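Written below as structure tokens is the structure these notes are about.
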Protein chains: 2
Amino acid sequence: MPTQTRRERAREERRTLILRAARDLAESEGWDAVTTRRLAEAVDYSQPVLYGHFKNMDAIADAVALEGIEELTDVFRAARSSAKDDTAGLRALAHAYLDYADQHPAVYEAMFVRRTDLQFGRSETPASLIDAFNQIRSAVEPFGTGDAETLTEVFWSSLHGLATLTHGARLRPTHREARVDLLVARFSGTFPPAAAE
Amino acid sequence: MPTQTRRERAREERRTLILRAARDLAESEGWDAVTTRRLAEAVDYSQPVLYGHFKNMDAIADAVALEGIEELTDVFRAARSSAKDDTAGLRALAHAYLDYADQHPAVYEAMFVRRTDLQFGRSETPASLIDAFNQIRSAVEPFGTGDAETLTEVFWSSLHGLATLTHGARLRPTHREARVDLLVARFSGTFPPAAAE
DNA sequence: CTAGATTGTCTAGCAGTGCTAGGATCTGAC
DNA sequence: GTCAGATCCTAGCACTGCTAGACAATCTAG
């Protein structure tokens, strides 16, 4: 009997259980509420069990971040696939990005705000992260004249800035659509218009 | 004898002493290292003294943030005053912003990253914060066609995104200048160029 | 079926955190 | 010199991340 496999499967299930609990807790009460005790209580095990799966609390947040990045690539793909031209593609990607950040603020925070051990732009970078970056790159590249990598970084930064400042209540709660319109116009080259009122 | 004034002056001095210590500690070891005990030790008082000046630790970070915002307006003013035209002004402001974030990462974090009780875009917003926002607005407004407020928010978001992603090691450590060039080009309308190689 | 080794899990505890109640001490007014 | 009031500190609470060591369940071998 593959008793080893059963064990490993059970172990894997418990790991996802922990991640699920961490994510739910973070989304409902913020990462500050994700403590070892509350997390252990949520999965109905003692605290040391957590350390059998993850090196420390930060590693749990990193794992949630990885999940989120994979989701994000799917969201990007879906958004871009239904766009009729490059400009619509860029706009769709921008909206998809900001919507995701809005709907999963804790996951977004784990991905792009919290200090993380995840490697960005290196050889050990997770494939899904590279994938997500390339999605942005493909969307913005048609409007570039020089280094596509730099263009991608700048456009991503703009989206990231909008996402975080919005979430931190540092921008007006209104004018959301107008901000995206403006950003896309500046990057898609549909600016300046011939003569705007 | 104005014993009351002397007392109040001593009180004020101690307050700035606390802020100075908090800022130094945050810049050298990060905000996580700024604990009540370490801070109290740095100013050579016991922890409860801190609470005589500030409601809690977050209020200390907020006070540091306010200091930073005032510095930032000065930095903006200096940068823009030495620019020969609007485009140069925008570029100078962008560089000044990113340089400040780079040189004072902890203060920047207190201002625009950490959760804060500071009010943004409301009637109770500190004057220096409005001032800083208006500096950005003045710099980018010449290149706007519609709502200047929205334009300012978007440009600021882009700068903020660049600052935070750079600091979090999520962008390439190189190409810093190229990113600023590209951003300024997109916002100043010097894009698309007639025919770029 | 039993003995022993391995694996899994928990209890209890350490050193640290923000924050505060209460008592001690020091200052200045009369 | 006495006494009220301001000032400050000691000690403690409830929490945090994390871990050592005891205990129990499970699998392996004879």
Side-chain angles (χ1 to χ4, degrees), chain A residues 1-19 21-26 28-65 106 109-110 114-117, chain B residues 1-19 21-26 28-65 106 109-110 114-117:
Chain A
M1 217 58 63
T3 159
Q4 190 62 18
T5 1
R6 178 171 54 197
R7 264 196 195 156
E8 290 194 353
R9 197 173 48 213
R11 222 185 120 71
E12 188 60 31
E13 276 171 16
R14 198 169 57 178
R15 193 190 127 98
T16 62
L17 185 68
I18 292 171
L19 285 183
R23 181 169 172 166
D24 288 350
L25 201 49
S28 59
E29 302 185 41
W31 280 106
D32 281 353
V34 185
T35 70
T36 55
R37 280 166 183 81
R38 290 199 62 179
L39 201 47
E41 189 188 17
V43 297
D44 220 61
Y45 283 98
S46 66
Q47 301 150 41
V49 168
L50 304 176
Y51 294 88
H53 289 274
F54 301 95
K55 184 185 152 212
N56 52 32
M57 280 297 289
D58 285 347
I60 295 180
D62 281 354
V64 171
E109 192 178 336
R114 283 171 62 106
R115 190 158 293 149
T116 178
D117 289 337
Chain B
M1 218 59 63
T3 160
Q4 191 63 18
T5 358
R6 179 171 53 199
R7 265 197 195 153
E8 290 194 352
R9 197 173 48 215
R11 220 185 122 72
E12 188 59 31
E13 276 172 16
R14 199 169 56 179
R15 193 190 126 100
T16 62
L17 185 68
I18 293 171
L19 285 183
R23 181 170 172 165
D24 288 350
L25 201 48
S28 59
E29 302 186 41
W31 280 105
D32 281 354
V34 184
T35 70
T36 56
R37 281 166 183 80
R38 291 199 60 180
L39 201 47
E41 189 188 19
V43 298
D44 220 62
Y45 283 99
S46 67
Q47 300 150 43
V49 168
L50 305 176
Y51 294 89
H53 290 273
F54 301 95
K55 185 184 153 210
N56 52 32
M57 279 297 289
D58 285 347
I60 295 180
D62 281 355
V64 171
E109 193 178 335
R114 283 172 62 106
R115 188 160 294 150
T116 178
D117 289 337

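Just so it is clear, the model here is predicted, and its values are computed rather than measured. Below, chain A is the first sequence line, B the second, and so on; all start at residue 1.
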### Message
Under 4.0 Å, heavy atoms only, any strand: does A:Arg14 hit a base, just the sugar-phosphate, or nothing?
### Response
sugar-phosphate
### Query
Under 4.0 angstrom, heavy atoms only, what part of the nucleic acid is B:Ser46 near: base, sugar-phosphate, or nothing?
base
Nucleotide [N], atom [atom2] - distance to [atom1] of [X] in whole Å:
X       : N      : atom1 : atom2 : answer
A:Phe54 : D:dG17 : CZ    : P     : 15 Å
A:Asp58 : D:dC18 : CG    : C1'   : 13 Å
A:Met57 : D:dG17 : CE    : P     : 5 Å
A:Trp31 : D:dG17 : CH2   : P     : 12 Å
B:Ile18 : C:dG18 : CD1   : C1'   : 15 Å
A:Asp44 : C:dG8  : CG    : C1'   : 16 Å
B:Asp32 : D:dT16 : CG    : P     : 16 Å
B:His53 : D:dC8  : NE2   : P     : 7 Å

With the side chain counted from C-beta on, respond yes when [X] and [Y] share a heavy-atom pair under 4.5 Å apart, and no when they do not.
X       : Y       : value
B:Arg14 : B:Val49 : yes
B:Thr36 : B:Tyr51 : yes
A:Trp31 : A:Val64 : yes

### Task
Report yes if at least one side-chain N or O of A:Thr36 is closer than 4.0 Å to OP1 or OP2 of D:dC18; otherwise report no.
no
### Query
Checking only heavy atoms, does the side chain of A:Gln47 share a donor-acceptor pair with the base of D:dC18 at less than 3.5 Å?
yes
### Shortest side-chain distance from B:Pro48, nucleotide among D:dT16, C:dT17, D:dC9
D:dC9
### Message
Given C:dG18, D:dG17, C:dC10, identify the nucleotide with an atom nearest to the side chain of B:Tyr51.
### Response
C:dG18
### Query
Does the pair A:Asp58 and A:Arg114 meet the rule for a salt bridge (Lys or Arg N to Asp or Glu O under 4.0 Å), with working shown?
CA-CA 9 Å; A:Asp58 285 347; A:Arg114 283 171 62 106; 3.4 Å; yes
### Task
Report the residue (A:Tyr45 or A:Arg37) whose heavy-atom-nearest nucleotide on DNA chain C is the more 5′ of the two.
A:Tyr45
### A:Arg37 CZ to A:Leu50 CG distance, which is reported to the nearest 0.5 Å
11.0 Å
